[in-house]
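In what follows, a structure is listed as structure tokens, so that the remarks can point back to it.
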There are 2 protein chains.
Amino acid sequence: MENITEMLKGVLEGCVLEIISRGETYGYEITQQLRELGFTDVVEGTVYTITMRLEKNNLVDIKKKPSTKGPPRKFYTLNAAGQEHLEIFWKKWEFIASKINELKTKIKSKGGVI
Amino acid sequence: MENITEMLKGVLEGCVLEIISRGETYGYEITQQLRELGFTDVVEGTVYTITMRLEKNNLVDIKKKPSTKGPPRKFYTLNAAGQEHLEIFWKKWEFIASKINELKTKIKSKGGVI
DNA sequence: GATGCTATTCTGCGTTACTATATACCGGTA
DNA sequence: TACCGGTATATAGTAACGCAGAATAGCATC
């Protein structure tokens with residue numbers, strides 16, 4: 001799927017939050033999980049800016065651990081604020097998705113009644 | 001629903017396209033329809049930037065008509081390119097929505113198997 | 001002519017994801 | 001040892017989008 005980047009705005013951060021909530025993980029792995037999900041074009045840099053933002057907003061706890069495969073990894077876990085943020089994200093998503101689907105399936109006559 | 005603006009990026013344009021596809025309409029009316037839909041905080045300026053973009057990208061035809069209630073209205077209708085754009089939008093939406101919902105409902109264990 | 005409503009237009013701003021690149025660390029191999 | 005590919009974090013610059021806020025226009029009514 002090409003050129004969905006604009007539609008991912010605001011959504012990607014929620015996905016990252018959700019992925020972190022599943023268990024301690026780090027940037028590179030998050031990127032791979034997003035790709036497996038289907039967002040194949042997501043690159044490390046994008047995820048990095050998101051994790052930096054989460055960090056800045058104090059939504060995650062961070063632990064640095066050594067790796068046998070490269071430089072030390074920064075592992076993220078959701079804190080209480082992050083959990084709350086995630087719940088709010090899902091509420092927003094459900095709201096928007098329901099509205100969009102409503103628009104999509106609405107009978108296609110302007111007056112509403114035939 | 002407050003502060004959903006980031007999640008509306010790329011989506012709002014599709015909504016406007018869909019509304020225009022229902023029948024000839026103008027900026028102010030589009031704004032009202034979006035509000036009725038549930039996006040209560042959408043303002044005229046936002047819709048204006050979208051219609052300007054549609055115009056610039058040649059996705060709409062324009063007809064100016066006088067109004068008894070103010071300055072002349074600019075009525076928009078979708079042209080062929082706009083129709084195509086709208087179909088692509090819905091495909092993108094379905095793709096993203098399915099992926100997000102997949103993420104949302106996925107069993108919450110990292111390995112996937114219990 | 002002052003006010004109020006409808007309606008369009010315009011500008012500047014903040015947020016977000018992407019591109020492209022740099023840096024660092026390790027294992028394997030020649 | 002010197003190089004390379006995979007892993008992993010970091011940063012600067014860019015473009016797109018929606019929003020706030022204000023200006024302007026036209027008409028009705030008082």
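One atom, NZ of A:K74, and another, C1' of D:dT7, lie 16 Å apart when rounded to the nearest Å. What separates CE of A:M52 from C1' of C:dC18 is a distance of 17 Å, to the nearest Å. Between B:Y26 atom OH and C:dT9 atom P the separation is 13 Å, expressed in whole Å. As rounded to whole Å, 11 Å separates atom P of C:dT6 from atom CZ of B:R35. Regarding A:K63, its NZ atom lies at a distance of 19 Å from the C1' atom of D:dT9, rounded to whole Å. The nearest whole Å value for the distance from the CG atom in B:N3 to the C1' atom in C:dG14 is 12 Å.
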Scoring nucleotides 15-26 of chain D by protein non-hydrogen atoms under 4.0 Å (B base, S sugar-phosphate only, - none) yields -BBSBSB---BB
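B:K63 is linked by a salt bridge (charged side-chain N to carboxylate O under 4.0 Å, His left out) to B:E24, counting only residues two or more places apart in sequence or in another chain.
A salt bridge does not link A:E87 to A:K91: none of the charged side-chain nitrogens sits closer than 4.0 Å to a carboxylate oxygen. Contact check on A:R53 versus A:E13 returns a salt bridge, with a Lys/Arg side-chain nitrogen under 4.0 Å from an Asp/Glu carboxylate oxygen.
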Please output the side-chain donor-acceptor pairs of residues 75-84 of chain B that fall under 3.5 Å, not counting sequence neighbours, one pair per line with the distance.
| residue | atom | partner | partner atom | Å |
| --- | --- | --- | --- | --- |
| B:N79 | OD1 | B:A81 | N | 3.1 |
| B:N79 | OD1 | B:G82 | N | 2.8 |
| B:N79 | ND2 | B:N58 | O | 3.0 |

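Proximity of A:K64 to the phosphate of D:dT9: no side-chain N or O atom is located under 4.0 Å from OP1 or OP2. The phosphate of C:dC10 (OP1 or OP2) has a side-chain N or O of B:Y48 nearer than 4.0 angstrom.
Listed for the A:T51 side chain is a donor-acceptor partner under 3.5 Å among the backbone atoms of A:V47.
Atom-to-atom distance recorded for B:K74:NZ and B:Y48:OH is 6.5 Å, nearest 0.5 angstrom.
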